[in-house]
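Below, chain A is the first sequence line, B the second, and so on; all start at residue 1.
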Amino acid sequence: MTMSKKLSPQYNPKDVEDRIYRMWEQSGFFNPDVCVRKKATTKNAGVFSMVLPPPNVTGTLHLGHAFETTLQDIMVRFHRMRGERTLWIPGTDHAAIATQAKVEDMLYKKEGKTRHDLGREEFLKRVERFAQESRDTIVHQIKKMGASLDWSREAYTLDEKLNLAVRTAFVRMYKAGLIYHGSRMINWDPRLKTVISDDEIEWKEERTEFYYLQYGPFVIGTARPETKFGDKYVVMHPNDRRYAKYAHGQKIELEWINGPITATIIKDRAIDMAFGTGVMTITPWHDTTDFDIAERHHLDKEQVIDYDGKLLPIAGEFAGIHIKKARTMIVEKLKMKGLLVRTDTDYTHRIATNSRGGGVIEPQLKEQWFVAVNKEFRMPHSKITSIKKGQHITLKGIMLHVVKSKQVEIMPKRFEKTYVHWVNNLHDWCISRQLWYGHRIPVWYRSTDTHGKRNGKTCVGIRPPQGKGWEQDPDTLDTWFSSGMWTFSTLGWPHATPDLKNYHPTSVIAPGYEILQLWVSRIILMSGYLLGDIPFRRVYFHGIVRDKDGRKFSKSSGNGIDPLEVIASCGTDALRMSMTVGIGPGSDVRFDMDKVKAYRNFTNKLWNIGRFILLHHVEREKAADKVNFSPKQKKDLRELATLVKKVTKHLDAFAFHHAAELLYHYTWHTFADKIIEETKPQLTGGDPGKRAQAAVFLLEIYATLLKLLHPFMPFVTEEIWSRLPGAGTRKKKNLLIVEQWPK
RNA sequence: GGGCGCUUAGCUCAGUGGUAGAGCGCUGCUUUUACACAGCAGAGGCCCAAGGUCCGAUCCCUUGAGCGCCCACCA
C-alpha cells in the first residue's frame, strides 16, 4: 500500500522523463557492448543497426524530427527488447552551405560584415561556434524525445575521423577516374558565390515579359534579353519549311543590340518548331540546352555574365551593370533601335533559386569537380549479389542494381519508382563548392600562373604533399559527399574496425521521402563503390509533418512549433503516440495539439491502471507464485497472446500505426473497460485467496502491456515498471528497456 | 510534358473482396472507493463519379473529376 500513496491521480511527465532518461544513460543499455557485458543480449545474438539521419547544425529541431525520431526509436526499442544487439548511432551534419549561409546572414545583420571582412580562418571560427551551439541544442532535443541512441558513438560529419573517410573516398574515386575536374554547365549562385548541385535548386514560378526581337530576317523570342549580346548563332529545325531557304552554316549580316554582327545559321533537331517562331538564338555559356547545341556543332562559347551577376565587356555600354537592372535598359535600347517587335506581358516561367539561401541561379560554364556516374570502371571488390569483383559497371548501374534486385528494399514500395526514375536521369554530380565551411578538397597545386590557371603539378592525396609551393584547392566538398558516407564512416571506415564488421550493412534507414535523391541515393552510390556493399537492407520513408491546416512548417510562415513546448505541456509519450497512431507509412501528417492531448489522456489512463493494480498489490503478496486461472481468465490470456502476436507482426512489418492502435484499443477498451471492471467484484470481495488470485491475473496482463507499449511510450512504461512488484514467473527485475519482448 | 499520391462520419485520418473503423467534436446520463485527462449510453457515412470483373466491391480493372506532390533544358 505504501507505494501507491506516492502515485498521484494524474501522471506528471515532468517529474519522470528527465530522471528516467538519465537512468537509461547511466545503465549503458543504449550501447550494445554494454548490453552484452550486462547480459541483456549475447555476443552471438542477431544485429539490428541504424544510423540517425544527422540533423543539420543550423538551429533547432522541428516536429518533423520528432516524428522521425519516434519511428526510429520504436524500431530500436523493439529490437533491443527482442534481445538483438541493437545499435543506433547519433550525430549531426555540418550542412556546409546551409550553415555557412546562416552564419553569414547573422554576421551581416548583427555586425554589418561579410565573411571576407573576417577572413577564412576567423569566419570559420564563428561558424564552428555556431555549429557547436546548435549541436548542443539538437542533442538536448533528441534526448527529450526519449531516443535510445548510443551517445558514446556520436559523430559529426566534420570530425577528424570522418574527414579521413572523406579524403580517402575522394582519393580512391579520383584514382579510379570516377572523380574528375572539368568544365561543364553548372548552377552558379551569384549571391553566395558558389556552385550548387541540381538537387539543391528550388524552382519558383515568375511572371515576366516575353519579348519578340528582330534578329536579321528572323524574329526570336526571349524572356531574358540581357543575355543576348553574345548570340551570334541562330538555330532552327532542319525540317522547318518556313526556313528552308537558309542553309546550315550560312552567314548573315544583321544589326544587333550594340551594332552590326555576323550571325551563323545552325540547323538542329532540338528546336521545337511549334514554339514561338521556331527560331532561336543561343547563349551557350549560360544555358544547358544552348550549350549542348553548341557542343554538337563546335560553336564558340562566350561568357556574358560574370560571377557577381554583372555584365561583361561583351555587353558594351552595359558592361558592369547587374543583370537585374540591365534588362529594362536593354529593352529600352532595343525599342529605340526598332528591334523590339512586340512584348507579351503574361508570360510565366520558372526560375531556379538556391534552396539553401534564395539566390537566383545563373547557369555558367565553369570548372568544377564532378563524380562521373555513367563512366564504366572495374569493380574493385564486391559483396553485392551478382556484381562481381573486376566486373565492368557504372555507379548508376550499382545504384539501380541493388534496388531492383531487392538487396535494398524501399518502403513504401511506391518510392522505388521515384528512385529508379531519378537514378536513370542522373547527371554527373558536381561535388565542389566555393564555400569555406566544409571538407577541404584534398588536392594540391604547384605553380599557378597569374590568371589562376594551373599549369603546374597537381597532387591528389589523403595527406598534403611534401615539398614547398603546394597550395590546397580552396574549395570544399558538397555536404552530401560526407553525409553520403554516414552509414559506414560512423562505423570507422576506412579502418576495418569491429563496429564496421559487426554492424554493417545497417538494418534500416528511416529518412523523410523528400531526401531520397539528396541523401539515400548518394549513400547507395558511395557505399556501393567504396565498400562494394549495400549501406542498409531497408529504407523506410516517412512523410512530412505539416501544420493543422496542411501547410509546411517554415520560418517564413511563422507556424513553427518547438517539440519541447509540446513535451512540456503533454509529455513525450503523448507526442510520440500522436505521431504514430493513424499515420500510414509514407503519408504526410497534420500536426494537431488535440491529438496530442488525446494521447496524454491515454498516458494518464495507463498510469491509473497501474495505480489501481498497485492499490491491490498487498493482496498479491499473500498469493502463491503460481495461481490457477479460471476458464474466463484463460480466455482473456489467450486473447492477450493473440494481441502480442499481432503487435509483433505489425512491428516486424513496419506497421507502427497498426501496432500502436491495437495496443491503445486493447489497453483502454478491453483491459480497463472490460477485464478490470469484471474483475473488480472478486478483487474487492471477501475471499482473500480470490482477491490475490485476481491481483495476480491483472498484473500478468498489465506487465505484458507495459512491455508492448514500451517502444511507443518509453517513459511512462519504464516509470510504472520500476514500481511494480515482480510479476508472475519473472525472477529478476530488469529495466523495462531490456526486458524480454513477450512471446 | 511525364510520373506518383489522395478523395471513407462535422474535422483529422486508419482500413478490409462479404452487413463500415479510430481520435477529436457532438447528444444524454453518472462527481460509483484507479482515472472527469473518467465511466455508461447514443446520434452521425449512396466509403468522389460512371462503367467493368465477381455470387458479392469502399477495397480489383478502365475512364473521368477535384486536390496535392515529385520530375523535366521548351528558347
Side-chain angles (χ1 to χ4, degrees), chain A residues 4 7-12 185 198-199 201 203 210-213 220-224 227-228 231 234-236 270-283 286-293 347 349-350 352 363 412-422 424-425 427 513-514 516-517 543-544 546 548-550 552 570-571 574 577-578 580-616 655 657-658 660-662 664-665 668-669 672-673 676-677 680 683-684 698 702:
Chain A
S4 62
L7 297 189
S8 75
Q10 273 193 10
Y11 170 67
N12 189 354
M185 288 300 306
D198 295 346
D199 311 286
I201 286 178
W203 293 93
F210 191 79
Y211 307 96
Y212 288 91
L213 308 177
I220 59 161
T222 182
R224 303 202 57 195
T227 65
K228 294 284 152 197
D231 289 14
V234 57
V235 193
M236 58 212 71
I271 300 299
D272 179 357
M273 287 188 271
F275 186 88
T277 56
V279 181
M280 71 173 195
T281 59
I282 57 170
T283 315
H286 299 288
D287 186 285
T288 318
T289 313
D290 296 1
F291 176 84
D292 290 343
I293 293 171
Y347 180 75
H349 74 151
R350 300 187 327 147
K413 212 172 179 319
R414 63 176 184 273
F415 293 114
E416 194 179 309
K417 282 183 192 167
T418 314
Y419 175 87
V420 170
H421 180 256
W422 185 78
N424 276 326
N425 291 311
H427 301 296
Y513 62 73
E514 79 279 2
L516 188 154
Q517 294 96 321
I544 295 168
R546 299 168 181 279
K548 206 170 179 293
D549 305 313
K552 265 189 169 182
C570 290
M577 275 301 267
S578 80
T580 312
V581 179
I583 298 167
S587 52
D588 290 354
V589 189
R590 287 197 191 197
F591 180 79
D592 186 351
M593 205 54 207
D594 285 343
K595 191 175 177 189
V596 183
K597 278 186 192 147
Y599 292 101
R600 176 204 57 188
N601 296 355
F602 177 62
T603 314
N604 196 235
K605 186 75 182 179
L606 188 67
W607 173 260
N608 272 290
I609 296 171
R611 255 182 97 219
F612 177 74
I613 289 177
L614 283 169
L615 214 58
H616 298 86
H657 60 312
H658 282 155
E661 180 155 4
L662 278 176
Y664 174 91
H665 206 263
W668 202 316
H669 300 299
D673 290 350
I676 290 182
E677 291 305 322
K680 268 182 182 173
L683 203 62
T684 55
L698 292 182
Y702 191 54

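- Counting non-hydrogen atoms under 4.0 angstrom, A/I271 reaches a base of the nucleic acid.
- B/A57 is unpaired under the Watson-Crick or G-U wobble criterion, no partner having all donor-acceptor distances under 3.5 Å.
- A distance of about 28 Å separates the C1' atoms of B/U12 and B/G64, rounded to the whole Å.
- For A/Y599 and B/G23, the OH to P distance is 8 Å, given to the nearest whole Å.
- Place A/K548 and A/I609 on RNA chain B by their nearest nucleotides, and A/K548 ends up nearer the 5' end.
- Whole-Å rounding puts the A/F591 CZ to B/C13 P distance at 14 Å.
- Between the CD1 atom of A/I282 and the C1' atom of B/C73 there is a distance of 13 Å, given to the nearest Å.
- B/G44 and B/G10 are spaced 11 Å apart, taking the P atom of each and rounding to whole Å.
- Rounded to whole Å, the separation between the C1' atoms of B/G42 and B/A9 comes to 14 Å.
- If you check every strand for non-hydrogen atoms under 4.0 Å, A/H286 touches nothing.
- Residue A/H657 places no side-chain N or O under 4.0 Å from the OP1 or OP2 atom of B/A22.
- The same atom, C1', is picked in B/A20 and in B/G56; the two are 16 Å apart, to the nearest Å.
- A donor N or O paired with an acceptor N or O is found under 3.5 Å between the base of B/A34 and the side-chain atoms of A/K680.
- Rounded to a whole angstrom, the distance from the C1' atom of B/G17 to that of B/U58 is 10 Å.
- Among the atoms of the strands shown, none is found under 4.0 Å from any heavy atom of A/Y212.
- Phosphate proximity of B/A38 to A/N601: present, with a side-chain N or O under 4.0 Å from OP1 or OP2.
- The side chain of A/R590 contributes an N or O atom lying less than 4.0 Å from OP1 or OP2 of B/C13.
- Spacing between atom NZ of A/K595 and atom C1' of B/U12 amounts to 8 Å, rounded to whole angstrom units.
- B/A9: no Watson-Crick or G-U partner with both key distances under 3.5 Å is found in any strand.
- Pairing for B/A38 goes to B/U30, judged as Watson-Crick or G-U wobble with the two contacts each under 3.5 Å.
- Comparing B/G2 with B/U63, their P atoms are spaced 14 Å from each other, to the whole Å.
- Evaluation of atom-type donor-acceptor distances gives no pair under 3.5 Å for the side chain of A/Q10 against the base of B/A36.
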- How far apart are the C-alpha atoms of A/D287 and A/I282, what are their side-chain angles, what is the distance that settles it, and do they pass the side-chain contact (heavy atoms from CB on, under 4.5 Å) test? CA-CA 8 Å; A/D287 186 285; A/I282 57 170; over 6 Å; no

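- To the nearest angstrom, C1' of B/G25 lies 17 Å from CE of A/M593.
- Atom NE2 of A/H665 and atom C1' of B/G15 are 14 Å apart (whole Å).
- Contact annotation for A/D272: base contact, defined as any heavy-atom pair under 4.0 Å involving a base atom.
- Distances shorter than 4.0 Å separate some side-chain N or O of A/S587 from OP1 or OP2 on B/A14.
- Across all strands shown, A/K605 has heavy atoms under 4.0 Å from base atoms, whether or not it also approaches the sugar-phosphate.
- Looking at heavy-atom distances under 4.0 Å, A/Y664 makes contact with sugar-phosphate atoms alone, never a base.
- A/A274 comes within 4.0 angstrom of no nucleic acid atom, judged by non-hydrogen atoms across all strands.
- When the C1' atom is used for both B/C71 and B/C61, the distance is 27 Å, rounded to whole Å.
- Taking atom CZ of residue A/F602 and atom P of nucleotide B/G23, one finds them 11 Å apart after rounding to whole Å.
- OP1 and OP2 of B/G3 both lie 4.0 Å or more from every side-chain N or O belonging to A/K417.
- Using a 4.0 Å heavy-atom criterion, one finds that A/G571 contacts no nucleic acid atom at all.
- Here A/D673 lies in heavy-atom contact (under 4.0 Å) with sugar-phosphate atoms only.
- Residue A/Q517 is classed as a sugar-phosphate contact, given heavy-atom separations below 4.0 Å to backbone atoms only.
- Remark: C1' of B/U32 and CZ of A/F612 are 12 Å apart, rounded to the nearest angstrom.
- Between A/Y347 and B/A75 there is a side-chain polar atom (N or O) within less than 4.0 angstrom of OP1 or OP2.
- B/G64 is paired with B/C48 under the Watson-Crick or G-U wobble criterion, all donor-acceptor distances under 3.5 Å.
- Side-chain to base pairing of A/T288 with B/C73: no donor and acceptor N or O lie closer than 3.5 Å to each other.
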